[in-house]
Structure formats: structure tokens, C-alpha cells
Amino acid sequence: MQSFNQTPEQAARDKIDTMLEQAGWKVQSKKKIDFSASLGIAVREYQTDIGPADYVLFVDKKPVGVVEAKPKERGHNITTVEEQSGSYASARLKWLNNTKPLPFIYESTGVLTRFTNGWDPKPRSREVFSFPRPEAVRDWYNQSASLRKRLQKLPGLDPAGLRSCQISAIEKLEASFKDDRPRALIQMATGSGKTYTAITSIYRLLKHADAKRILFLVDTRNLGEQAEQEFMAYVPSDDNRKFTELYNVQRLKSSFVAKDSQVCISTIQRLYFLLKGQEMDEFAEEINPAELVQPRQPMPVVYNPTIPPEFFDFIIIDECHRSIYNLWRQVLEYFDAYLIGLTATPDRQTYGFFRKNVVSEYDHEQAVADGVNVGNEIYVIDTERTRRGGRIEAGQQVERRERLTRRKRWEIQDEDLTYAGNELDRAVVNPDQIHTVVRTFREKWRDIFPGRAEVPKTLVFAKTDSHADDIIQTVREEFAERNAFCKKITYKVEEDPKSVLAQFRNDYYPRIAVTVDMIATGTDV
């Protein structure tokens, strides 16, 4: 707690002390310096030939950077401090014969911290969540060139095995890196190979830019499993070994994060709970995060020494239109990394988050024109109840059904009940409406798919598990077919859901599959 006689400057320095110590630095007074106390030392008020610097950072007893501390009220114009901090970085340090400017420069209020790497081709400050760990600074200091300098020397892309839309996306993304744009959006139609494009880019960043670690972020476990399979199958054009033979790929399944992994695959939900140091409900990984109930006041992400902000150099965000908002945005902005979004369907918020830096625009219409995707037509089966809902009059006998047990009882309706169309199959079940839709499909599928002798493989998206069961029973009855004809594909079924999905994909039965939560964007059927 700030005391009444504490100045704003001292309050900021107390906060900065805490942040440095959290990150593994030993904060010391200029009157009592002990370089053997830790790998990283932050010395307060270290004397230079232009006056005392607020903090000078030492790693392995070598001076590597400075921190200029300002009160939090200076946050709105913190960039005006850059000249002052740059002067201290270029100054001569007392007792040391340093001839070159110190490369790593920070301005901080304890609330806002900005960082400039003086070894970048065009040094530009950027906001960071906190200070890096001394081990990371040591690695940066010992590298022959900074990451941003290495990105300037990426070799030309070999187009072999790539579609023109993939070549364009990768080349424009790398041009964005060379301009040091922190966020970039790749918009490519579903089916045009977004993940393959991303893996090709990741391979080039690891091989040619010596990226230390890259995060491939998904929003459901299903997509994570598929991404892992694609990494395992990927063979680069300039090497006959698979990606996973060249680099370590880890899909996060617990709280353990291997530091020797060059690629980590994780759901954004799991990463949030990892940063919070909390256990997570495994089922949360199976649901699109945009559909999860958001707490009214989400707990903010705090510094985590096991996964510090500098842990990843690049973060690829799959289906980014669903996972960059609200609670989850904190996860992305915690890391000091380039953010690359992948989506087929960006919206205005997506464009805004990625600062309108769209490096690829390849929509479904273009994919169809190029023969990458097939076209489609939409047929709507509409009912009066779907549109306008319905009315149950008082005195009418109605069936009450418990949601989980499906136990039934008959009751006389006490008063008139009017329900809206969006309440169907949730609060109110109208079996006739389900029969009408299914019967219409049974009668019309030959018109929709002329020349077909068998019911085409059909996927039905249900609202709830109970709704799915109603649909399955109705389909079997209307088509006069056996159990195997129509089955449920969901994480909650007793039968292995992946084997049911494989049956749907490869076997004659089921002809019709009903799903609630499992088959979503990215599922290959």
C-alpha cells in the first residue's frame, strides 16, 4: 500500500522493483553491488557520466541495459522519455570502460512498460507486459543478430508444392515481418490450406530466422489434434525429413510445458489457465471459446515465471475471429510476440485487432473460381413454428419431459403458453416440427442431389444432446431405417467419437450423422 508521504516516483520504483524481482532480477543499491548474487542484477541509481540512471541491468556481470522509471501519471506520454533513456544507454558507466551503447532500453511507470532493442535494424519501442528474465537477456546479448535483424534476411520462398494463394500469403507475411508490423491477418477460405500455409511459414522462421519458440493457438481440442497431425505429416520442400523429425512439437495436454519444444500447440483456454496457475475443466477445450460463459469481471492474467512474456517469438492464432476477444485477449497481449491470425471469416473486430494489416485476402468465391473449393447452393426448409413459434392453450394436455432423464408425465396446461421460434428444442419440443423438417428432406433429397441412388452423407447440427436424440429417432422412423443409418457424433457418446467420425467419413453407415459439439470448423469430412 502506498504511504501518504510516498512520492509518485517512489511508488513507481517500488512497483518496478517488484516486477524485476518477479522476473528473476536481483535489485541492488549502488552502494552495495554483489555481482555474484544472481545471473541478473538491476542496480538502482547507477552513476554515469551524465548522471545517475534509475536502473542499470547487468547479466553475467556485463552491463546490458537501462530502465528509466517515471510516475504512472506519465504513462500517456511515455514515448517522450525515450530520448532520456537512450542517453543513459549511450553514457559511460562509472567504474566500467564501456565503449558501446547498452542495447536493451526500458521506460516504465510500473503500470506501463515499453522496450526498445537497440540492435534492431530500425529500433522501435513496443509495449511489454513485464521485464524479461535474465536468461532471455543473456541469449539476446550473445546472439550475432536480433530476431528482427534476422527476419530481414529470409531467403526467397520455394514455390514447389504450394498453391498461388499460399505463396502470396507467406511472401506478404514475411514482408510484414521485415516492416516489423507486430500483428498480421491471413484471410483464406476454408479448404484452401491455411494450416499448411502456417506450417510452411513456421518452418521457415525456425530454419532461417532462428526463432526460438512458436505457439500455434487453437480454440478447440479437436482443432489442436488436427494441427498436430498436420505437423507430423508435413515434409518441407528442401528436406526429405518430416517436420517432427526436425523440430520438437508439443501439444499441451497438462500444466507441463517443455522448454525444448520449438512448436507448442495449445487451446487458448488451456493457456489462460496455465498462466493463471489454475486447473481447468477438460470439457472447456471442446467448446468454441466464444460460446463459453464469460465471468462478469474476468480475473486478469498475471506474470508467470514458468511461461514469461518472452517465451514465444511468434503466435499463430487459428480461427482468430472466435478467440481474440474478452477474457482470451489477455492471453495474446501477455506475450511479447508477433501475432498472426488465421481465419476464413474475419469481421470488423478481427480487422481492428490486427490493425488492418491484412496480408492475404482469399475468399470462398475466389477459391471456387480457382478450383480449390467446390461451389454450394443453400436450400432452406422452413416451418411456421420455426418462424413464429406457437401457442399451447390452457386446458390442453401436454407432456412434461425431464431434460436429463427424459422421464415423462402428462399434465393439464394451467394457462395459455406462447413460445417463440428460438425456444424450440430448448424450453419447448414440438415433435411435429421435427418430423416436418425431416420428412421434407426425405421427400426432396433426390431433387437436391439429382442422379444419386442413395441418401447422401448428411450432417445435422443439433442444439442440445436432447434435441439430437429427438432428431435421430425421427430420422430413423421417417426413412424407415436401422439404428446404424443415423448416429450421434459428440464427445459425450459412449462409443469412441473419433471412431464414429471415421465411420461417417469412410463407411457406408451412418448415412446421416447428428452432432452437437464435436464437428466444427476445421473438421475434415
(Q) Between Ser168 and Cys165 (side chain of the first, backbone of the second, donor and acceptor by atom type, cut-off under 3.5 Å), is there such a pair? (A) no
Q. Can you tell me how far the CZ atom of Arg133 sits from the CZ atom of Arg138, to the nearest 0.5 Å?
A. 11.5 Å
Q. With sequence neighbours left out, what residues match Ala175 under side chain to side chain contact (heavy atoms under 4.5 Å, CB included)?
A. none
**Q.** Residue pairs fulfilling ring pair (Phe, Tyr, Trp, His ring centres under 6.0 Å) with at least one residue in residues 182-209, sequence neighbours excluded
**A.** Tyr196-Tyr234
(Q) Donor-acceptor pair, distance only, cut-off 3.5 Å: does the side chain of Glu245 make one with the backbone of Lys242? (A) yes
Q. What about the rings of Tyr106 and Phe131, do their centers lie closer together than 6.0 Å?
A. yes
Q: Identify whether NZ of Lys or CZ of Arg in Arg329 sits under 6.0 Å from the centre of the six-membered ring of Phe353 and within 45° of that ring's axis.
A: no
**Q.** Considering all heavy atoms, the nearest Lys488-Ala468 contact
**A.** CE-CB, 3.8 Å
Q | Inter-residue atom distance Ile268.CD1 - Gln330.CD, 0.5 Å rounding | A | 10.0 Å
Q.
Under a 3.5 Å cutoff, is there a donor and acceptor pairing between the side chains of Asp347 and Thr350?
A. yes
Q: Decide yes or no on side chain to side chain donor-acceptor pair (under 3.5 Å) for Gln22 and Ser130, but give the supporting numbers first.
A: CA-CA 9 Å; Gln22 281 181 335; Ser130 188; 5.2 Å; no
Q: Flag the pair Phe335 / Phe129 as yes when their ring centroid distance falls below 6.0 Å, and as no otherwise.
A: no
Q: Calculate, to the nearest 0.5 Å, the distance between atoms CD1 and CD1 belonging to Ile512 and Ile472 respectively.
A: 10.5 Å
Q.
Side chains of Ser360 and Gln187: any donor to acceptor distance under 3.5 Å?
A. no
Q | Residue Lys276 excluded, over 12 heavy atoms near NZ under 6.0 Å | A | yes
Q) Which pair of non-hydrogen atoms, one from Arg204 and one from Gly156, has the smallest distance, and what is that distance? A) NH1-O, 3.6 Å
**Q.** With sequence neighbours excluded, residues passing ring pair (Phe, Tyr, Trp, His ring centres under 6.0 Å) with Phe485
**A.** Phe479
Q. Which pair of non-hydrogen atoms, one from Asp210 and one from Arg150, has the smallest distance, and what is that distance?
A. O-NH2, 3.3 Å
Q) Asp120 side chain to Lys122 main-chain N or O, any donor-acceptor pair under 3.5 Å? A) no
(Q) With no hydrogens and no angle check, just 3.5 Å: does a side-chain donor-acceptor pair link Gln366 and Asp370? (A) yes
Q: Evaluate whether atom NZ of Lys172 has more than 12 neighbouring non-hydrogen atoms of other residues, nucleotides or ligands under 6.0 angstrom away.
A: no
Q | Approximate separation, where rounding is to 0.5 Å, of Ile41 CD1 and Leu57 CG | A | 10.5 Å
Q: Please report the shortest heavy-atom distance between Pro309 and Tyr334, naming the atom on each side.
A: CB-O, 3.3 Å
Q.
Within the structure provided, determine whether Thr79 and Arg114 are in side-chain contact (heavy-atom separation under 4.5 Å).
A. yes
Q.
Measuring from atom CG of Leu215 to atom CD1 of Ile340, what distance do you get when rounded to the nearest 0.5 angstrom?
A. 10.0 Å
(Q) Go through it in stages, so that I can follow the logic: the residues are Thr267 and Asp219, the test is side chain to side chain contact (heavy atoms under 4.5 Å, CB included), and I'd like the CA-CA distance, side-chain angles, deciding distance and then a yes or no. (A) CA-CA 5 Å; Thr267 61; Asp219 64 4; over 6 Å; no
Q: Check for a donor-acceptor pair, side chain of Arg124 on one end and backbone N or O of Asp180 on the other, with a separation under 3.5 Å.
A: yes
**Q.** Side-chain (Gln262) to main-chain (Arg213) donor-acceptor, under 3.5 angstrom
**A.** no
(Q) Please give me the minimum heavy-atom distance between Phe311 and Thr306, naming the atom from each residue. (A) CE1-O, 4.0 Å
(Q) Has Asp507 got a side-chain atom pairing as donor or acceptor with Tyr509's backbone, closer than 3.5 angstrom? (A) no
Q.
Less than 6.0 angstrom from the centroid, inside 45 degrees of the normal: does Arg511 satisfy that with respect to the ring of Tyr508?
A. yes
Q | Rounded distance [0.5 Å steps], OG1 in Thr244 versus CZ in Phe231 | A | 10.0 Å
Q | Test item: Ser261 side-chain N/O and Lys259 main-chain N/O as donor-acceptor pair under 3.5 Å | A | no
(Q) For the backbone of Asp260 and the side chain of Asn248, can you confirm whether one donor and one acceptor N or O come within less than 3.5 Å of each other? (A) yes
**Q.** Among Pro132, Ser146, Pro103, the one residue meeting side-chain contact (heavy atoms from CB on, under 4.5 Å) with Trp140
**A.** Pro132
Q.
Could you tell me if Ser176 and Asn357 have a donor-acceptor pair between their side chains, going purely by distance under 3.5 Å?
A. yes
Q | Output field: ring centroids Tyr55/Trp25 closer than 6.0 Å | A | no
Q. What closest approach, in Å, do Thr197 and Met188 show between heavy atoms, and which atom pair accounts for it?
A. OG1-CE, 3.7 Å
